[in-house]
Enquirer: 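Questions regarding the structure given below will be posed in turn.
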Amino acid sequence: MRRRDFVKIGGLGLVGAGAARLLPVQEPGKADVTLRIAPVVVELAPDRVISTVGYNGTSPGPLLRMKEGAPVTVDVVNDTDVPELVHWHGVLVPAEVDGAEEEGTPAVPPHGRRRYQFTPQPAGTRWYHTHTMAMTDLHRGSYTGQFGFLVIESGKDPGNYDQEVFLALRDWEPFFTSQFVDTDEQNQKWPQPEKPALLDTRPNGLEVGSNIYSINDKALGAGEPIRVRPGQRVLMHLLNASAIENRAIALPGHQFHVLALDGNPVPSPRPIDQIFLGPGERVDAYVEMSQPGVWILGAPEDDIRNAGLGIVIEYANQRRQPQWVPPGKPSWDYTLFGKAASESAPGGSPPQTIDMAFEKVPRGEGKFNSFLVNGKPYPHDQEFVLKEGTRYRLIFRNRTDDAHPLHLHRHLFEITEIYGKPTGGIVKDTVVVPSYGRATVDFLANQPGLALFHCHIQHHMDFGFKALFRYA
Ligand SMILES: [Cu+2]
(Lines give C-alpha, C1' and ligand atoms only; values in the text may rest on other atoms or scores of the structure.)
Protein backbone atom coordinates (compact mmCIF):
# COMPACT_ATOMS: atom_id res chain seq x y z
CA MET A 1 0.00 0.00 0.00
CA ARG A 2 2.68 2.42 1.05
CA ARG A 3 4.68 1.64 -2.08
CA ARG A 4 1.72 2.31 -4.31
CA ASP A 5 1.11 5.69 -2.61
CA PHE A 6 4.74 6.58 -3.17
CA VAL A 7 4.48 5.83 -6.88
CA LYS A 8 1.33 7.90 -7.19
CA ILE A 9 2.95 10.88 -5.50
CA GLY A 10 6.09 10.47 -7.55
CA GLY A 11 4.01 10.40 -10.73
CA LEU A 12 2.16 13.57 -9.80
CA GLY A 13 5.47 15.22 -9.17
CA LEU A 14 6.56 14.47 -12.71
CA VAL A 15 3.28 15.68 -14.16
CA GLY A 16 3.61 18.84 -12.14
CA ALA A 17 7.01 19.40 -13.68
CA GLY A 18 5.40 19.34 -17.11
CA ALA A 19 7.15 16.14 -18.12
CA ALA A 20 4.11 13.93 -18.60
CA ARG A 21 5.63 11.99 -21.46
CA LEU A 22 8.51 10.95 -19.24
CA LEU A 23 6.09 9.16 -16.94
CA PRO A 24 6.96 5.53 -16.79
CA VAL A 25 4.22 3.44 -18.33
CA GLN A 26 2.28 2.37 -15.24
CA GLU A 27 5.56 1.51 -13.52
CA PRO A 28 4.34 -0.38 -10.49
CA GLY A 29 6.07 -0.49 -7.15
CA LYS A 30 8.56 -3.26 -6.68
CA ALA A 31 7.04 -6.56 -5.67
CA ASP A 32 7.95 -8.32 -2.42
CA VAL A 33 8.42 -11.55 -4.35
CA THR A 34 8.98 -12.24 -8.03
CA LEU A 35 8.40 -15.74 -9.38
CA ARG A 36 9.71 -16.40 -12.86
CA ILE A 37 8.23 -19.46 -14.55
CA ALA A 38 10.69 -20.88 -17.06
CA PRO A 39 12.32 -24.11 -18.22
CA VAL A 40 14.90 -25.48 -15.75
CA VAL A 41 17.38 -28.28 -15.70
CA VAL A 42 17.36 -30.32 -12.49
CA GLU A 43 20.34 -32.50 -11.64
CA LEU A 44 18.75 -35.24 -9.58
CA ALA A 45 22.06 -37.13 -9.72
CA PRO A 46 25.20 -36.70 -11.84
CA ASP A 47 23.88 -39.23 -14.37
CA ARG A 48 20.24 -38.22 -14.08
CA VAL A 49 19.56 -34.71 -15.28
CA ILE A 50 16.04 -33.81 -16.28
CA SER A 51 14.47 -30.84 -17.97
CA THR A 52 11.22 -29.40 -16.64
CA VAL A 53 9.63 -26.06 -15.75
CA GLY A 54 10.39 -24.37 -12.43
CA TYR A 55 10.44 -21.11 -10.53
CA ASN A 56 13.39 -18.70 -10.55
CA GLY A 57 15.68 -21.21 -12.22
CA THR A 58 15.16 -24.01 -9.70
CA SER A 59 12.81 -26.78 -8.70
CA PRO A 60 11.61 -26.72 -5.99
CA GLY A 61 11.22 -22.95 -6.23
CA PRO A 62 12.56 -20.63 -3.55
CA LEU A 63 11.40 -21.07 0.05
CA LEU A 64 9.04 -18.13 0.53
CA ARG A 65 8.57 -16.66 3.98
CA MET A 66 5.70 -14.25 4.57
CA LYS A 67 4.39 -12.56 7.71
CA GLU A 68 0.89 -13.49 8.78
CA GLY A 69 -1.43 -10.55 8.21
CA ALA A 70 1.12 -8.40 6.34
CA PRO A 71 -0.03 -7.73 2.74
CA VAL A 72 2.35 -8.97 0.04
CA THR A 73 2.80 -8.28 -3.63
CA VAL A 74 3.93 -11.17 -5.82
CA ASP A 75 4.86 -10.66 -9.45
CA VAL A 76 4.62 -13.78 -11.57
CA VAL A 77 6.52 -13.65 -14.84
CA ASN A 78 5.69 -16.39 -17.31
CA ASP A 79 8.54 -17.20 -19.68
CA THR A 80 6.75 -20.22 -21.16
CA ASP A 81 4.50 -20.58 -24.20
CA VAL A 82 1.39 -21.56 -22.22
CA PRO A 83 -0.85 -19.74 -19.73
CA GLU A 84 0.06 -20.45 -16.10
CA LEU A 85 -1.49 -20.09 -12.65
CA VAL A 86 0.13 -20.03 -9.22
CA HIS A 87 -2.01 -21.45 -6.42
CA TRP A 88 -1.37 -20.63 -2.74
CA HIS A 89 -2.22 -23.95 -1.14
CA GLY A 90 -3.71 -23.73 2.37
CA VAL A 91 -3.81 -19.92 2.35
CA LEU A 92 -7.09 -18.07 2.89
CA VAL A 93 -7.08 -15.73 -0.09
CA PRO A 94 -9.81 -14.36 -2.40
CA ALA A 95 -10.72 -16.33 -5.53
CA GLU A 96 -9.23 -13.64 -7.79
CA VAL A 97 -5.72 -14.45 -6.58
CA ASP A 98 -6.14 -18.08 -5.50
CA GLY A 99 -4.73 -19.38 -8.76
CA ALA A 100 -7.54 -21.65 -9.96
CA GLU A 101 -9.07 -21.07 -13.38
CA GLU A 102 -12.35 -22.60 -12.21
CA GLU A 103 -12.61 -19.86 -9.56
CA GLY A 104 -12.03 -17.16 -12.15
CA THR A 105 -8.42 -16.29 -11.29
CA PRO A 106 -6.96 -14.73 -14.45
CA ALA A 107 -4.07 -16.77 -15.86
CA VAL A 108 -0.57 -15.37 -16.32
CA PRO A 109 -0.38 -15.13 -20.12
CA PRO A 110 2.44 -16.81 -22.06
CA HIS A 111 5.45 -14.47 -22.05
CA GLY A 112 3.44 -12.11 -19.87
CA ARG A 113 3.23 -11.22 -16.22
CA ARG A 114 0.62 -10.77 -13.55
CA ARG A 115 0.63 -9.28 -10.09
CA TYR A 116 -0.94 -11.08 -7.14
CA GLN A 117 -1.67 -9.10 -3.97
CA PHE A 118 -2.97 -10.79 -0.86
CA THR A 119 -2.69 -10.98 2.90
CA PRO A 120 -1.08 -14.27 3.95
CA GLN A 121 -2.97 -16.18 6.62
CA PRO A 122 -3.08 -18.25 8.68
CA ALA A 123 0.44 -18.96 9.97
CA GLY A 124 1.89 -22.36 9.13
CA THR A 125 3.58 -24.49 6.50
CA ARG A 126 1.83 -23.76 3.21
CA TRP A 127 3.03 -24.24 -0.33
CA TYR A 128 2.60 -22.80 -3.78
CA HIS A 129 2.29 -24.64 -7.06
CA THR A 130 0.89 -24.45 -10.57
CA HIS A 131 -2.79 -25.20 -10.98
CA THR A 132 -3.12 -25.65 -14.72
CA MET A 133 -4.80 -28.66 -16.24
CA ALA A 134 -2.48 -31.22 -17.82
CA MET A 135 -4.94 -33.76 -19.23
CA THR A 136 -2.81 -36.00 -21.46
CA ASP A 137 0.23 -33.69 -21.45
CA LEU A 138 2.69 -35.02 -18.87
CA HIS A 139 4.85 -31.90 -19.29
CA ARG A 140 2.23 -29.58 -17.85
CA GLY A 141 0.57 -28.74 -14.55
CA SER A 142 1.88 -30.38 -11.41
CA TYR A 143 3.90 -32.91 -13.45
CA THR A 144 6.40 -30.05 -13.87
CA GLY A 145 8.71 -28.64 -11.20
CA GLN A 146 6.44 -25.68 -10.42
CA PHE A 147 6.17 -25.99 -6.65
CA GLY A 148 7.78 -24.61 -3.53
CA PHE A 149 7.33 -24.16 0.22
CA LEU A 150 5.61 -21.10 1.61
CA VAL A 151 5.99 -20.48 5.35
CA ILE A 152 3.61 -17.98 6.88
CA GLU A 153 5.17 -16.76 10.12
CA SER A 154 3.19 -15.62 13.13
CA GLY A 155 6.23 -14.32 14.97
CA LYS A 156 5.32 -16.76 17.76
CA ASP A 157 7.46 -19.72 16.64
CA PRO A 158 8.79 -21.10 19.96
CA GLY A 159 11.90 -22.28 18.09
CA ASN A 160 12.30 -25.47 20.14
CA TYR A 161 14.68 -27.00 17.63
CA ASP A 162 18.30 -26.77 16.54
CA GLN A 163 17.80 -27.11 12.78
CA GLU A 164 14.93 -26.74 10.39
CA VAL A 165 14.78 -28.65 7.09
CA PHE A 166 12.26 -28.53 4.24
CA LEU A 167 11.76 -31.83 2.43
CA ALA A 168 9.53 -32.09 -0.63
CA LEU A 169 8.87 -35.63 -1.88
CA ARG A 170 8.72 -35.86 -5.63
CA ASP A 171 8.60 -38.16 -8.63
CA TRP A 172 9.71 -37.18 -12.13
CA GLU A 173 9.32 -38.12 -15.80
CA PRO A 174 5.82 -39.59 -15.42
CA PHE A 175 4.27 -41.92 -17.97
CA PHE A 176 0.87 -43.49 -18.61
CA THR A 177 0.66 -47.14 -17.76
CA SER A 178 -1.82 -49.92 -17.14
CA GLN A 179 0.72 -51.64 -14.90
CA PHE A 180 -0.04 -49.34 -12.00
CA VAL A 181 0.79 -51.04 -8.74
CA ASP A 182 -0.80 -49.46 -5.72
CA THR A 183 1.96 -49.75 -3.13
CA ASP A 184 -0.20 -48.03 -0.64
CA GLU A 185 -0.39 -50.49 2.26
CA GLN A 186 -2.27 -47.93 4.30
CA ASN A 187 -5.13 -48.45 1.99
CA GLN A 188 -5.87 -51.99 2.97
CA LYS A 189 -6.52 -51.73 6.65
CA TRP A 190 -9.46 -49.37 7.05
CA PRO A 191 -13.18 -50.09 7.09
CA GLN A 192 -14.83 -49.85 3.67
CA PRO A 193 -18.38 -48.63 4.30
CA GLU A 194 -18.68 -47.29 0.74
CA LYS A 195 -17.77 -50.55 -0.99
CA PRO A 196 -20.63 -51.37 -3.36
CA ALA A 197 -22.30 -54.75 -3.10
CA LEU A 198 -21.54 -55.29 -6.77
CA LEU A 199 -18.04 -54.26 -7.85
CA ASP A 200 -17.45 -52.61 -11.21
CA THR A 201 -15.28 -55.15 -13.02
CA ARG A 202 -14.78 -53.21 -16.25
CA PRO A 203 -11.06 -52.90 -17.09
CA ASN A 204 -9.38 -49.80 -15.71
CA GLY A 205 -7.96 -46.97 -17.79
CA LEU A 206 -4.38 -45.83 -17.73
CA GLU A 207 -2.91 -44.41 -14.54
CA VAL A 208 0.24 -42.31 -14.23
CA GLY A 209 3.44 -43.91 -12.97
CA SER A 210 7.05 -42.91 -12.40
CA ASN A 211 10.42 -44.57 -11.83
CA ILE A 212 12.44 -41.55 -10.75
CA TYR A 213 12.17 -39.98 -7.32
CA SER A 214 13.82 -37.33 -5.22
CA ILE A 215 13.60 -35.32 -2.04
CA ASN A 216 13.74 -31.69 -3.12
CA ASP A 217 16.00 -31.70 -6.19
CA LYS A 218 18.24 -34.67 -5.32
CA ALA A 219 17.88 -38.42 -5.59
CA LEU A 220 18.97 -40.43 -2.54
CA GLY A 221 22.74 -40.24 -2.13
CA ALA A 222 23.27 -37.54 -4.76
CA GLY A 223 22.88 -34.47 -2.58
CA GLU A 224 24.40 -33.20 0.64
CA PRO A 225 23.31 -35.17 3.70
CA ILE A 226 21.43 -33.55 6.55
CA ARG A 227 24.29 -33.12 9.06
CA VAL A 228 23.28 -33.50 12.68
CA ARG A 229 24.80 -33.86 16.16
CA PRO A 230 23.68 -36.19 18.93
CA GLY A 231 21.07 -34.53 21.10
CA GLN A 232 19.89 -32.16 18.42
CA ARG A 233 16.27 -31.66 17.65
CA VAL A 234 15.63 -31.30 13.92
CA LEU A 235 12.34 -29.81 12.78
CA MET A 236 11.27 -31.40 9.49
CA HIS A 237 8.73 -29.82 7.20
CA LEU A 238 7.57 -32.60 4.88
CA LEU A 239 5.51 -32.06 1.75
CA ASN A 240 4.22 -34.54 -0.77
CA ALA A 241 4.67 -32.51 -3.97
CA SER A 242 3.82 -35.47 -6.22
CA ALA A 243 1.12 -35.15 -8.84
CA ILE A 244 0.60 -38.88 -8.71
CA GLU A 245 0.84 -40.83 -5.50
CA ASN A 246 0.48 -41.05 -1.75
CA ARG A 247 3.82 -41.57 -0.02
CA ALA A 248 5.23 -42.87 3.24
CA ILE A 249 8.54 -41.95 4.85
CA ALA A 250 10.56 -43.50 7.68
CA LEU A 251 13.89 -42.99 9.47
CA PRO A 252 15.38 -46.11 11.08
CA GLY A 253 15.97 -45.81 14.82
CA HIS A 254 14.13 -42.52 15.09
CA GLN A 255 10.60 -41.27 15.51
CA PHE A 256 8.78 -38.28 14.07
CA HIS A 257 7.14 -36.12 16.72
CA VAL A 258 4.21 -34.77 14.75
CA LEU A 259 3.38 -31.16 15.64
CA ALA A 260 1.22 -29.97 12.76
CA LEU A 261 -0.74 -31.38 9.82
CA ASP A 262 -1.05 -29.21 6.70
CA GLY A 263 0.66 -26.51 8.76
CA ASN A 264 -1.98 -26.42 11.49
CA PRO A 265 -0.95 -27.45 15.04
CA VAL A 266 -2.57 -30.71 16.17
CA PRO A 267 -4.33 -31.07 19.54
CA SER A 268 -2.28 -34.17 20.50
CA PRO A 269 1.30 -33.97 19.24
CA ARG A 270 2.93 -37.39 19.47
CA PRO A 271 5.68 -39.55 18.01
CA ILE A 272 5.17 -42.03 15.18
CA ASP A 273 7.52 -44.37 13.24
CA GLN A 274 6.26 -43.63 9.78
CA ILE A 275 4.68 -40.63 8.13
CA PHE A 276 2.12 -40.92 5.36
CA LEU A 277 1.32 -38.04 3.02
CA GLY A 278 -1.09 -37.70 0.13
CA PRO A 279 -0.23 -35.29 -2.69
CA GLY A 280 -0.64 -31.76 -1.32
CA GLU A 281 -0.35 -32.71 2.36
CA ARG A 282 2.30 -31.40 4.77
CA VAL A 283 3.55 -32.73 8.09
CA ASP A 284 5.67 -30.71 10.54
CA ALA A 285 7.51 -33.04 12.90
CA TYR A 286 10.69 -32.89 14.92
CA VAL A 287 13.15 -35.74 15.29
CA GLU A 288 15.39 -36.17 18.36
CA MET A 289 18.81 -37.15 17.09
CA SER A 290 19.60 -39.91 19.56
CA GLN A 291 21.08 -42.73 17.45
CA PRO A 292 24.55 -41.71 16.20
CA GLY A 293 25.29 -43.20 12.79
CA VAL A 294 24.59 -42.57 9.14
CA TRP A 295 20.98 -43.28 8.22
CA ILE A 296 18.61 -43.14 5.29
CA LEU A 297 15.44 -41.15 5.69
CA GLY A 298 13.32 -42.55 2.89
CA ALA A 299 10.39 -44.41 1.41
CA PRO A 300 9.74 -47.81 3.05
CA GLU A 301 9.43 -49.51 -0.36
CA ASP A 302 12.89 -50.66 -1.51
CA ASP A 303 12.26 -49.99 -5.21
CA ILE A 304 11.05 -46.45 -4.61
CA ARG A 305 13.77 -45.56 -2.10
CA ASN A 306 16.46 -47.04 -4.35
CA ALA A 307 15.02 -45.05 -7.25
CA GLY A 308 15.71 -41.84 -5.33
CA LEU A 309 13.11 -41.17 -2.63
CA GLY A 310 15.37 -40.57 0.33
CA ILE A 311 18.07 -38.43 1.92
CA VAL A 312 21.03 -39.31 4.13
CA ILE A 313 21.11 -38.21 7.77
CA GLU A 314 24.74 -38.02 8.92
CA TYR A 315 25.77 -37.60 12.54
CA ALA A 316 28.98 -35.67 13.16
CA ASN A 317 32.18 -37.78 13.06
CA GLN A 318 30.37 -40.81 11.65
CA ARG A 319 31.69 -42.25 8.43
CA ARG A 320 30.11 -45.35 6.99
CA GLN A 321 27.62 -46.54 4.43
CA PRO A 322 24.16 -45.07 5.09
CA GLN A 323 22.05 -47.65 6.93
CA TRP A 324 18.51 -48.63 6.13
CA VAL A 325 16.40 -50.85 8.37
CA PRO A 326 12.92 -51.79 7.17
CA PRO A 327 10.29 -50.19 9.38
CA GLY A 328 7.45 -52.04 11.08
CA LYS A 329 3.87 -51.97 9.89
CA PRO A 330 2.62 -48.50 8.99
CA SER A 331 0.64 -46.97 11.81
CA TRP A 332 -0.41 -43.65 10.28
CA ASP A 333 -3.84 -42.58 11.47
CA TYR A 334 -4.94 -38.92 11.57
CA THR A 335 -7.04 -39.52 14.67
CA LEU A 336 -3.90 -40.27 16.74
CA PHE A 337 -3.26 -36.53 16.69
CA GLY A 338 -6.84 -35.43 17.39
CA LYS A 339 -8.86 -34.89 20.53
CA ALA A 340 -12.27 -36.14 21.59
CA ALA A 341 -14.90 -35.19 19.04
CA SER A 342 -16.61 -31.95 20.03
CA GLU A 343 -20.28 -32.32 20.84
CA SER A 344 -21.42 -29.31 18.87
CA ALA A 345 -19.87 -26.55 16.84
CA PRO A 346 -19.27 -23.17 18.38
CA GLY A 347 -22.60 -21.43 18.02
CA GLY A 348 -24.54 -24.53 18.97
CA SER A 349 -26.56 -25.47 15.90
CA PRO A 350 -25.57 -28.64 14.03
CA PRO A 351 -23.82 -28.11 10.72
CA GLN A 352 -25.63 -28.39 7.40
CA THR A 353 -24.74 -31.65 5.71
CA ILE A 354 -23.48 -31.88 2.14
CA ASP A 355 -23.07 -35.39 0.76
CA MET A 356 -20.37 -36.00 -1.83
CA ALA A 357 -20.09 -39.47 -3.38
CA PHE A 358 -17.13 -40.13 -5.67
CA GLU A 359 -17.18 -42.75 -8.39
CA LYS A 360 -14.72 -43.81 -11.02
CA VAL A 361 -15.88 -44.63 -14.55
CA PRO A 362 -13.32 -47.12 -15.90
CA ARG A 363 -12.16 -45.85 -19.30
CA GLY A 364 -14.79 -43.13 -19.07
CA GLU A 365 -12.64 -40.88 -21.29
CA GLY A 366 -11.14 -43.08 -23.96
CA LYS A 367 -8.01 -44.70 -22.52
CA PHE A 368 -8.50 -42.87 -19.24
CA ASN A 369 -10.79 -43.25 -16.26
CA SER A 370 -13.16 -40.42 -15.52
CA PHE A 371 -14.79 -39.45 -12.25
CA LEU A 372 -18.26 -38.44 -11.12
CA VAL A 373 -19.37 -36.53 -8.05
CA ASN A 374 -22.88 -37.49 -6.93
CA GLY A 375 -23.32 -39.34 -10.21
CA LYS A 376 -22.67 -36.24 -12.33
CA PRO A 377 -19.71 -34.91 -14.30
CA TYR A 378 -18.19 -31.49 -13.59
CA PRO A 379 -19.59 -28.81 -13.44
CA HIS A 380 -22.32 -29.67 -10.94
CA ASP A 381 -24.19 -26.51 -11.68
CA GLN A 382 -25.67 -24.85 -8.58
CA GLU A 383 -25.35 -28.08 -6.63
CA PHE A 384 -22.85 -26.93 -4.00
CA VAL A 385 -24.11 -23.59 -2.77
CA LEU A 386 -22.98 -22.16 0.56
CA LYS A 387 -24.52 -19.51 2.79
CA GLU A 388 -21.96 -17.21 4.37
CA GLY A 389 -21.66 -17.67 8.11
CA THR A 390 -23.07 -21.22 8.04
CA ARG A 391 -21.19 -24.29 9.25
CA TYR A 392 -21.15 -27.24 6.89
CA ARG A 393 -20.35 -30.90 7.25
CA LEU A 394 -19.05 -32.54 4.08
CA ILE A 395 -19.43 -36.30 3.89
CA PHE A 396 -16.83 -37.70 1.50
CA ARG A 397 -17.93 -41.11 0.23
CA ASN A 398 -15.09 -42.70 -1.67
CA ARG A 399 -16.73 -45.35 -3.86
CA THR A 400 -13.50 -46.08 -5.72
CA ASP A 401 -10.69 -48.58 -5.21
CA ASP A 402 -8.05 -45.85 -4.66
CA ALA A 403 -7.19 -43.59 -1.75
CA HIS A 404 -7.74 -39.98 -2.85
CA PRO A 405 -6.22 -36.81 -1.35
CA LEU A 406 -9.17 -34.41 -1.32
CA HIS A 407 -8.42 -30.69 -1.21
CA LEU A 408 -10.72 -27.73 -0.60
CA HIS A 409 -9.45 -24.33 -1.72
CA ARG A 410 -9.56 -21.12 0.33
CA HIS A 411 -10.93 -22.82 3.46
CA LEU A 412 -9.64 -25.01 6.26
CA PHE A 413 -11.74 -27.88 7.56
CA GLU A 414 -11.77 -29.98 10.71
CA ILE A 415 -11.88 -33.76 10.40
CA THR A 416 -14.84 -35.00 12.44
CA GLU A 417 -14.79 -38.65 11.37
CA ILE A 418 -12.45 -40.90 9.43
CA TYR A 419 -11.71 -44.67 9.36
CA GLY A 420 -15.09 -45.04 11.13
CA LYS A 421 -13.74 -43.13 14.17
CA PRO A 422 -14.98 -39.78 15.43
CA THR A 423 -12.29 -37.17 16.14
CA GLY A 424 -11.83 -33.45 16.67
CA GLY A 425 -9.38 -30.60 16.45
CA ILE A 426 -7.46 -31.75 13.33
CA VAL A 427 -7.57 -28.82 10.95
CA LYS A 428 -6.47 -29.45 7.38
CA ASP A 429 -6.91 -28.41 3.78
CA THR A 430 -6.33 -31.88 2.27
CA VAL A 431 -7.41 -35.29 3.55
CA VAL A 432 -6.69 -38.74 2.18
CA VAL A 433 -9.88 -40.78 2.12
CA PRO A 434 -9.05 -44.51 1.94
CA SER A 435 -10.44 -46.72 -0.80
CA TYR A 436 -14.14 -47.38 -0.29
CA GLY A 437 -13.77 -45.33 2.89
CA ARG A 438 -15.59 -42.35 4.26
CA ALA A 439 -14.56 -39.13 5.96
CA THR A 440 -16.54 -36.22 7.29
CA VAL A 441 -15.13 -32.73 7.68
CA ASP A 442 -16.65 -29.52 9.07
CA PHE A 443 -15.94 -26.00 7.93
CA LEU A 444 -17.32 -22.52 8.35
CA ALA A 445 -18.36 -20.83 5.10
CA ASN A 446 -16.61 -17.52 5.67
CA GLN A 447 -14.70 -16.99 2.40
CA PRO A 448 -17.21 -15.66 -0.15
CA GLY A 449 -16.40 -16.36 -3.77
CA LEU A 450 -15.91 -19.55 -5.73
CA ALA A 451 -13.97 -22.33 -4.02
CA LEU A 452 -12.63 -25.31 -5.90
CA PHE A 453 -12.70 -28.79 -4.43
CA HIS A 454 -10.73 -31.61 -6.05
CA CYS A 455 -8.60 -34.69 -5.78
CA HIS A 456 -4.95 -33.59 -5.66
CA ILE A 457 -3.86 -36.34 -8.04
CA GLN A 458 -3.50 -34.38 -11.25
CA HIS A 459 -5.06 -36.82 -13.68
CA HIS A 460 -7.99 -37.53 -11.36
CA MET A 461 -8.72 -33.80 -11.14
CA ASP A 462 -8.27 -33.35 -14.88
CA PHE A 463 -10.69 -36.17 -15.62
CA GLY A 464 -13.54 -34.91 -13.48
CA PHE A 465 -12.68 -35.43 -9.79
CA LYS A 466 -13.62 -31.88 -8.85
CA ALA A 467 -16.51 -29.64 -7.83
CA LEU A 468 -17.03 -25.92 -7.41
CA PHE A 469 -18.52 -24.43 -4.25
CA ARG A 470 -20.26 -21.10 -4.65
CA TYR A 471 -21.77 -18.70 -2.18
CA ALA A 472 -25.47 -17.84 -2.50
CU1 LIG B 1 -7.75 -39.03 -6.79
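Hydrogens, waters and symmetry mates play no part in the numbers below; they use all other heavy atoms, side chains included. Note that ligands are numbered from 1 as they come in the structure, with each ligand's atoms numbered from 1 the same way. A quick note: this is a predicted structure, and the numbers were derived from the prediction, not measured.
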Enquirer: Side-chain donor-acceptor pair under 3.5 Å between Glu388 and Gln447, yes or no?
Expert: no

Enquirer: Taking the six-membered ring where the residue is Trp, are the ring centres of Trp190 and Tyr419 under 6.0 Å apart?
Expert: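 Yes: the rings meet the under 6.0 Å criterion.
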
Enquirer: Does the plane of the ring in Trp332 sit parallel, tilted or perpendicular to the ring in Phe337? Use 30° and 60° as the thresholds.
Expert: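 Answer is tilted, since the angle falls between 30° and 60°.
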
Enquirer: Please identify which of these residues, Arg126, Lys428, Arg247, meets the salt bridge (Lys or Arg N to Asp or Glu O under 4.0 Å) condition with Glu281.
Expert: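 With Glu281 as partner, salt bridge (Lys or Arg N to Asp or Glu O under 4.0 Å) holds for just one option, Lys428.
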
Enquirer: If I take every N, O or S atom of Cys455, is at least one of them less than 2.8 Å from the Cu ion (ligand 1)?
Expert: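 It does: Cys455 brings an N, O or S atom closer than 2.8 Å to the Cu ion (ligand 1).
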
Enquirer: With the Cu ion (ligand 1) as the point of reference, which N/O/S atom of His460 is the closest?
Expert: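 Considering only N, O and S atoms, His460 comes nearest to the Cu ion (ligand 1) through ND1.
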
Enquirer: So which N/O/S atom does His404 have closest to the Cu ion (ligand 1)?
Expert: ND1

